[in-house]
Colleague: 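Let me give you the structure first, and then I'll get to my questions.
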Number of protein chains: 2
Amino acid sequence: MKRHLPPLNALRVFEVAAKSESFSKAAEALFVTQSAVSKQIRLLEKHLGTVLFERNGGVVTLTNEGRQYLSVISQALDIVETGSEKFYSHQEKEILTINITPSLSALWMFSRVEEFHHLHPDIVLHINSADDDIDWSKSQVDISIRCLPRDKKNTDAELLLAEKLLLIASPQHLEEIPINSVADLQRYQCISLNNRPHLWHDFFEQYQLDKTGVVSSFGCEHFYMVIQAALKHLGIGFVPDFLCHDLIQEQKLINPLTIELNSDYGYYLVTPPHKKEQEKVIRFTEWIKKTLY
Amino acid sequence: MKRHLPPLNALRVFEVAAKSESFSKAAEALFVTQSAVSKQIRLLEKHLGTVLFERNGGVVTLTNEGRQYLSVISQALDIVETGSEKFYSHQEKEILTINITPSLSALWMFSRVEEFHHLHPDIVLHINSADDDIDWSKSQVDISIRCLPRDKKNTDAELLLAEKLLLIASPQHLEEIPINSVADLQRYQCISLNNRPHLWHDFFEQYQLDKTGVVSSFGCEHFYMVIQAALKHLGIGFVPDFLCHDLIQEQKLINPLTIELNSDYGYYLVTPPHKKEQEKVIRFTEWIKKTLY
DNA sequence: TGACATGATGAAAAAAACTCATAGTGTTAC
DNA sequence: GTAACACTATGAGTTTTTTTCATCATGTCA
């Protein structure tokens, strides 16, 4: 009568890993590391006393036992899922409306929404973007994220992140005009940002360089346009680190001379006081702070 | 395609709790505390957004949703169990033979074997009991537990527990002959233990009492017999704390004046050196040390 | 009404899961 | 043939989850 069951959480991992026959892919799907998947599979294999995957350096393949087991486990998980689903549908999902600056939404937020949804499946995110102040009394928005000057104290605004700007350029562009010292920067088109007119000026002043080259042929409205422009080899620009981090990793952009600029801006989370206590607002706030860490 | 599953370990708890409609019973069956069960159920309920049990102070009853869910979950767990079982049967079970003193086996070990089996289902325990030394070369025994004098240093023996003896008597017997001071003890039959002839003598000497009453009408071979005798109101006796703890809790025995005696004996775990590295031996050793803690 | 059994709950401890950093190993491209 | 790469394994350390412990609250039953 007493059951002898395998570690149940390992089954969920097993199913994903077995379906993709890849621990790395499974890890990504489950929002954990490959290491975690590897260990859960090993745990399950040890429990069952059976090898479920054949390892061949870098490639894992289901064994016959593994294949059999997958079908059993999938069946069981199907039942659990179906049986649980009808309860979920009765839960009404909460809608959390966030309003973020266009740069954030385009490059940063969209790649992280999936994770938020994974962690909080009962919250539906409505994301819209704008740059101006929100009239909380008229708007549905629960949370807004804004880039504001650091010194402008706003009691409702919580600092998420101090802005750190990185100098960026495309690798191809850098080959055309090599950069060996800061002075070489003057040979480039400097992509400017419309609402930060002093940015380049201040930068060159800091390095005591001639500001002749500063006037760029065009200005962008938002950081993500600066990135697009840089990717098209149109010049060098300054963009926040978190927006270009992945592109630098992938070598689609380069941070020449690893030049950084601590701007006087920060990213702030703004919530109207009467919504601060709402669970959905708290959960989002905690999630984004952790994600930014 | 991506699954939305409840916390799977909570399902195992839920099934047991639902079948017995009691968190306490479920806790016992699962070898955890009632608190742990309560929390796992709450977790599951929160996840599903559904109340699975109706609480009525001290009594839990499945709701309709809970009943439905139980049948779903049982079905799923059946599939997992059946699908996993065929692997277990291929694992050959290890046999671990332990030899313990009769007192330990009768009163202590047998009530704990179930827990060991729960934690290590792949090990089959063979318990036999004896009091003499074991010829490791001739015997199948993997581990023996012996009560030995503390000063007798034995390199193969690991101290599990220093023996602490408690004075015991039955409640009925104590009503007949009330004990208000140590001197009253002299009015009792002192149940003696054959292989500890000095026990009572030393005790009365320690309290500087007359030893007249010390000669008891009979001696027991083992501690569990002392307990039996005390339960039958035949006198007072000294027995190890761990053997009478439960009986004292249940008020079937009483520890008058809370008199304790730190004997010079200890319980030792003895393993032949060539078996010390075996996993089954290590697992048992760690389990028993933790259980005794 | 008081002893009792049961469930709930907050804080602390223990266990499990996960991450990080890095090693090892086939595969692929030059 | 070898260097770069993509993938899994693993030990140490950290984080998260689960469990325990101690205690409270509540309904039951004599």
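Since the model is a prediction, treat every value here as computed from it, not as a measurement. Note: hydrogens, waters and symmetry copies are ignored here, and every other heavy atom, side chains too, is used.
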Colleague: Kindly say if B/S24 contacts the phosphate of C/dA5, meaning a side-chain N or O under 4.0 Å from OP1 or OP2.
Modeller: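 No.
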
Colleague: Tell me which of A/A36 and B/S35 sits closer to the 5' end of DNA chain D, going by the nucleotide each one is nearest to.
Modeller: A/A36

Colleague: If you measure from the Lys or Arg side-chain nitrogens to the Asp or Glu carboxylate oxygens, is any gap between B/K93 and B/D122 under 4.0 Å?
Modeller: no

Colleague: Measuring to OP1 and OP2 of C/dG7, would you say a side-chain N or O of B/R42 lies under 4.0 angstrom away?
Modeller: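 Indeed not, no polar side-chain atom of B/R42 lies that close.
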
Colleague: Could you state the NE2-P distance from A/H47 to C/dA17, rounded to the nearest angstrom?
Modeller: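 Those two atoms, NE2 and P, are 13 Å apart.
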
Colleague: Confirm from the modelled atom types if B/K39 and D/dT20 form a donor-acceptor pair under 3.5 Å, side chain to base only.
Modeller: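 Yes.
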
Colleague: How many Å lie between NZ on A/K46 and C1' on D/dT10, as a whole number?
Modeller: 14 Å

Colleague: Does A/N9 or A/V59 map to a spot on DNA chain C nearer the 5' end, using the closest nucleotide for each?
Modeller: A/N9

Colleague: By the 4.0 Å heavy-atom rule, please label B/V37 as base, sugar-phosphate, or nothing.
Modeller: nothing

Colleague: What integer distance in Å separates B/F53:CZ from D/dT26:C1'?
Modeller: 19 Å

Colleague: How close or far is atom P of D/dT17 from atom CD1 of B/I41, stated in whole angstroms?
Modeller: 19 Å

Colleague: Between A/N56 and A/A10, who's closer to the 5' end of DNA chain C by nearest nucleotide?
Modeller: A/A10

Colleague: Would A/D78 and B/R3 pass as an ion pair if we require N to O under 4.0 Å?
Modeller: yes

Colleague: Picking from C/dA8, C/dT19, D/dT18, which would you name as closest to the side chain of B/Q40?
Modeller: D/dT18

Colleague: Would you please indicate yes or no on a ring centroid separation below 6.0 angstrom for B/F87 and A/H47?
Modeller: no

Colleague: Counting just side-chain N and O atoms, does A/R55 come under 4.0 Å of either OP1 or OP2 of C/dT25?
Modeller: no

Colleague: Give the rounded distance in Å between these two atoms: CG of A/L43 and C1' of D/dT8.
Modeller: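 After rounding, the gap between these two atoms is 17 Å.
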
Colleague: Please give, in whole Å, the distance from D/dT26 P to B/E54 CD?
Modeller: 17 Å

Colleague: Taking atom types as modelled, find out whether B/T61 and B/E54 have a side-chain donor-acceptor pair closer than 3.5 angstrom.
Modeller: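 There is no such pair (donor and acceptor under 3.5 Å, judged by atom type) between the side chains of B/T61 and B/E54.
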
Colleague: Whole angstroms only, please: what is the CD-C1' distance between A/Q34 and D/dG11?
Modeller: 14 Å

Colleague: Compare side-chain N and O positions of A/K290 against OP1 and OP2 of D/dT16 and report whether any pair is under 4.0 Å apart.
Modeller: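 Affirmative; the distance criterion is met.
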
Colleague: Could you please spell out the steps behind the side chain to side chain donor-acceptor pair (under 3.5 Å) verdict for B/Y69 and A/S84?
Modeller: CA-CA 8 Å; B/Y69 201 54; A/S84 306; 2.7 Å; yes

